[in-house]
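We use all heavy atoms of the structure for the numbers below, so side chains are in, but hydrogens, waters and symmetry mates are not. One-based numbering, in listed order, for ligands and for the atoms of each. Quick note: residue numbers are just sequence positions, from 1.
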Amino acid sequence: MIDYSRPFILEFPKIGQTSLGFISIAEKDNLPFVPKRIYWTYFTPEDVERGGHSHYDLQQILVAVSGRIEITTELLTGEKLEFVLEKPNIGLYIPKNCWRTMKYTHNAVQMCIASNEYDEKDYIREYSVFLASREEKL
Ligand code: T46
């Protein structure tokens with residue numbers, strides 16, 4: 001049984017062969033949520049760290065469709081994990097209430113499959129506020 005309160009790696013089907021190329025597919029029946037939004041970030045300078053926030057409700061799946069992404073996650077339990085995404089058929093599920101930071105190679109394109117529409121009020125952008133939300137959530 002999958003624990004949707006923790007980040008985990010997902011493997012998407014990889015169809016094809018080296019001589020022709022590949023296709024990977026995210027089907028709603030194989031996803032932890034029905035996607036409401038897909039967006040992508042790219043050309044992030046290598047010395048920039050993105051993220052530095054958590055979400056009250058949003059769940060996400062990140063995929064490095066090209067390049068390499070280093071991701072750190074921290075749960076309200078204090079558990080910290082590190083992940084590297086560098087294969088286009090591999091994704092990282094990020095649950096709600098999870099602080100994250102991301103670093104990118106310059107050629108990295110991060111696709112994000114999101115469970116909800118954009119809502120700035122869903123963000124916690126202050127680490128101290130994230131830590132303080134432990135009291136009410138745990
Ligand atoms: C996340 C990580 C993994 C919009 O106006 N609409 C949107 O749908 C999004 C996603 C962002 N924005 C604006 C809000 C900010 O002014 O674009 C700016 C950058 O967004 P954010 O701070 O979310 O960027 P990242 O790269 O730190 O985070 C992104 C996701 O947005 C975020 O949800 O968890 O990737």
Kindly tell me which protein residues have any non-hydrogen atom under 4.0 angstrom away from an atom of ligand 1, grouped by chain and ordered by number?
Arg37, Tyr39, Arg50, Gly51, His53, His55, Gln60, Leu62, Arg100, Met102, Gln110, Tyr118, Tyr123, Arg125

Qualifying residues under salt bridge (charged side-chain N to carboxylate O under 4.0 Å, His left out), relative to Glu86, sequence neighbours excluded
Arg68

Which residue pairs pass the side chain to side chain donor-acceptor pair (under 3.5 Å) test with at least one member in residues 25-38, sequence neighbours excluded?
none

Is Arg134 salt-bridged to Glu74, cutoff N-O under 4.0 Å?
yes

Can you establish whether the number of heavy atoms outside Lys87 located under 6.0 Å from its atom NZ is more than 12?
no

For a side-chain contact (heavy atoms from CB on, under 4.5 Å) check, start with the C-alpha distance between Glu46 and Tyr104, then their side-chain angles and the critical distance, and finish with the verdict.
CA-CA 6 Å; Glu46 298 202 345; Tyr104 303 86; over 6 Å; no

Which residues share a salt bridge (charged side-chain N to carboxylate O under 4.0 Å, His left out) with Arg50, sequence neighbours left out
none

